[in-house]
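In what follows, chains carry the letters A, B, and so on, assigned in the order in which the sequence lines appear, proteins first and then strands, with residues in each chain numbered from 1.
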Protein chains: 2
Amino acid sequence: MSGKNITAKQPAGKSSPFLSELTLDCVILGFHEDQLKVLLLRWRGTQEWSLPGGPIRKEESVDQAACRILKERTGLKDIFLQQFQLFGDVERYNRNEIKEKLKHLVEPEKWFERAVSVGYYALVDYPKVAPTPDAFTEECQWWGIDEIPSLLFDHNHLIKIALESLRIQLSWQPIGYKLLPEQFTLPELQRLYETILGRTLDPRNFQRKMLGLGILYRLETRRKGGAHKAPYLYRFNKQHYKAMLTKGSLFFS
Amino acid sequence: MSGKNITAKQPAGKSSPFLSELTLDCVILGFHEDQLKVLLLRWRGTQEWSLPGGPIRKEESVDQAACRILKERTGLKDIFLQQFQLFGDVERYNRNEIKEKLKHLVEPEKWFERAVSVGYYALVDYPKVAPTPDAFTEECQWWGIDEIPSLLFDHNHLIKIALESLRIQLSWQPIGYKLLPEQFTLPELQRLYETILGRTLDPRNFQRKMLGLGILYRLETRRKGGAHKAPYLYRFNKQHYKAMLTKGSLFFS
DNA sequence: TATCATTATGTCAAATTAACATAATAATAA
DNA sequence: TTATTATTATGTTAATTTGACATAATGATA
């Protein structure tokens, strides 16, 4: 979210003609029960939700800030994090409507005049996350991507753009497995792709394409437990992935 | 570039733990004599070059700032502008080596402690540009993309990333024509693609693919003047392009 | 009117994609 | 123990797209 900096000292540029505030917002995505989930925070004493986020420290790079925020909210590190866009509309942050909702937490005159925010999305393994609120919030919770309420700031828009970026990147790079545990079955991976892309895929074609990439390694073991044929387990194979990257493939011959 | 704000009032966050400075850098690309060109500025009294850019005004959105900077340096508006990345390394901006080079222009203690910069690239029609320096610079000039000197800040890196983004976008969307005049021939377009992608393309396959997109409109007239067969002129067709966009096309069936 | 440089164009083989149905099997119920 | 159920694993064929390839046409100039 873009609110954690609201206790910071008075905005710098009070006398400057230039804006000076930058925050970072994180669209943390998980996959659970065949549904994409996003981690949201509820602000103290309100029913208002927003994305996790906050300002960037002077001694850390923007990427490091994204890692830090992710770590603080989920307990996870070494996670796939992708910067996807800077959101720079003039009125995205400092709006009376928002200040009114949060006035018991922040005196309206303490707000920065403006804050621009850089969006990152993270792909995490759902059960590994320990959702943790920050100083301004009292609840940190997964929300189904189709059940998200109206959020503070421009965070509904941010999530929308994050998903569009994810879909595009997913068509280029096999990053889907990052939302799954280390070992997963092909049907699980397929359901994940279907969820993100929003349409069904043919299992035979999916398998051919996915295995054809040569980046998945089939294990000896199968996943047992269902009342049906036990599926093979797979793991992502970093070696093969690197080999694939060198090839490259695009629009023109 | 990230230097225009150096005369702004003292950095805000002097007492804040959070960074507060944001600038914008613009990779303005043109195409001339079968070469990609980028517009660079030479700083007053130095041989140091950088990208055009500057801080963002409080009353303008980040996109608007990009338009403004582009307009100021080239005289052009309504141009293809694409945000491609935020550059947020801690030491990208405030480095002794840079301050030393520009100390006759800016007192070293006047520099912001840190500035993060958002990169945009612009695709312009080369002959339409009127290169214009800003307050800190005395020369504004096109440079061949392969002849760029060592630039201030992280601008060499910025250009590299801009080109990578452009190549990727070019494989998705037929944006190449934006670097050409309103009317152009297929061989011209092909040479442009070859230049950006860095490899030769087969003219028959290129034509088939490009015309197959249905977004080019062949004019009656041909371009005369060369000692050879006169090529047809084409124009981009916005109608067809929109139709194409709705289709979508990706990795999975 | 011959020459030169460049443009315009078509075919075929190979690779990729889309569409489609059935046999295998782990768990559970009968 | 056997049958049932739900799900997984897998192969073929036609359609489409891609890659590789060479020649005839023509505007300007000599």
Rounded to whole angstroms, how far apart are [atom1] on [X] and [atom2] on [N]?
X	N	atom1	atom2	result
D34(B)	dT6(C)	CG	C1'	13 Å
Y234(A)	dT8(D)	OH	P	12 Å
F206(B)	dT7(C)	CZ	P	12 Å
L201(B)	dA20(D)	CG	P	11 Å
N205(A)	dT13(D)	CG	C1'	12 Å

- Query: For the base of dG10(C), is there a side-chain donor-acceptor partner from R208(B) under 3.5 Å away?
  - Reply: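 Flag unset: no donor-acceptor pair detected.
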
At their closest point, which heavy atom of [X] faces which heavy atom of [Y], and how far apart are they?
X	Y	result
E194(B)	T200(B)	OE2-CA, 3.5 Å
G176(A)	L192(A)	O-CD2, 3.0 Å
C140(B)	P133(B)	CB-N, 3.6 Å

- Examine dT9(C): is either OP1 or OP2 under 4.0 Å from a nitrogen or oxygen in the side chain of Q207(B)? Give yes or no.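 Affirmative; the distance criterion is met.
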
- Hey, does the side chain of K209(B) come within less than 4.0 Å of dT18(D)'s phosphate (OP1/OP2), counting only N and O?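 Result: yes.
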
- Taking the side chain of R204(A) as heavy atoms from C-beta outward, which of dA18(C), dA9(D), dA21(C) is closest to it?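 Closest of the options to the side chain of R204(A): dA21(C).
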
- Message: Which residues in residues 185-192 of chain B have a heavy atom closer than 4.0 Å to any atom of DNA chain C?
- Response: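 Nucleic-acid contacts, sorted: P187(B), R191(B).
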
- Message: Suppose we screen for side chain to side chain contact (heavy atoms under 4.5 Å, CB included). Which residues come up paired with T221(B), at least two apart in sequence or across chains?
- Response: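 Per chain and number, T221(B) pairs via side chain to side chain contact (heavy atoms under 4.5 Å, CB included) with L219(B), L233(B).
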
- Message: Under a 3.5 Å cut-off for both contacts, is dT16(C) paired Watson-Crick or G-U wobble with anything, and if yes, with which nucleotide?
- Response: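 Partner of dT16(C): dA15(D).
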
- Item | Stacked cation flag R222(B) on Y232(B), 6.0 angstrom / 45 deg |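 Here R222(B) passes the 6.0 Å and 45° test against Y232(B).
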
- Assign R218(A) to base, sugar-phosphate, or nothing according to its heavy-atom contacts below 4.0 angstrom with the strands shown.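 The answer is sugar-phosphate, as R218(A) gets under 4.0 Å only of primed atoms, P, OP1 or OP2.
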
Side-chain donor/acceptor pairs under 3.5 Å, residues 180-188 of chain B, sequence neighbours excluded:
unit_1: T185(B); atom_1: OG1; unit_2: E188(B); atom_2: N; d: 3.2
unit_1: E188(B); atom_1: OE1; unit_2: T185(B); atom_2: N; d: 3.0
unit_1: E188(B); atom_1: OE1; unit_2: R223(B); atom_2: NH1; d: 3.1
unit_1: E188(B); atom_1: OE2; unit_2: R223(B); atom_2: NH1; d: 2.2

- Can you tell me which residue pairs pass the salt bridge (charged side-chain N to carboxylate O under 4.0 Å, His left out) test with a partner in residues 34-43 of chain B, sequence neighbours excluded?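 Counting only pairs at least two positions apart or across chains, the salt bridge (charged side-chain N to carboxylate O under 4.0 Å, His left out) contacts touching residues 34-43 of chain B are D34(B)-R191(B), R42(B)-E138(B), R42(B)-E139(B).
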
- Among T74(A), L123(A), V129(A), L70(A), side-chain contact (heavy atoms from CB on, under 4.5 Å) partner for I79(A):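 With I79(A) as partner, side-chain contact (heavy atoms from CB on, under 4.5 Å) holds for just one option, L70(A).
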
- Would you mind building the protein contact string for nucleotides 23-30 of chain D? One character per nucleotide, 5' to 3', B for base within reach (heavy atoms under 4.0 Å), S for sugar-phosphate only, - for untouched. --BBBS--

Side chains of residues 80-87 of chain B: which donor-acceptor pairs under 3.5 Å do they make with residues two or more places apart or in other chains?
unit_1: Q82(B); atom_1: OE1; unit_2: Q169(B); atom_2: NE2; d: 3.2
unit_1: Q83(B); atom_1: OE1; unit_2: Y120(B); atom_2: OH; d: 3.4

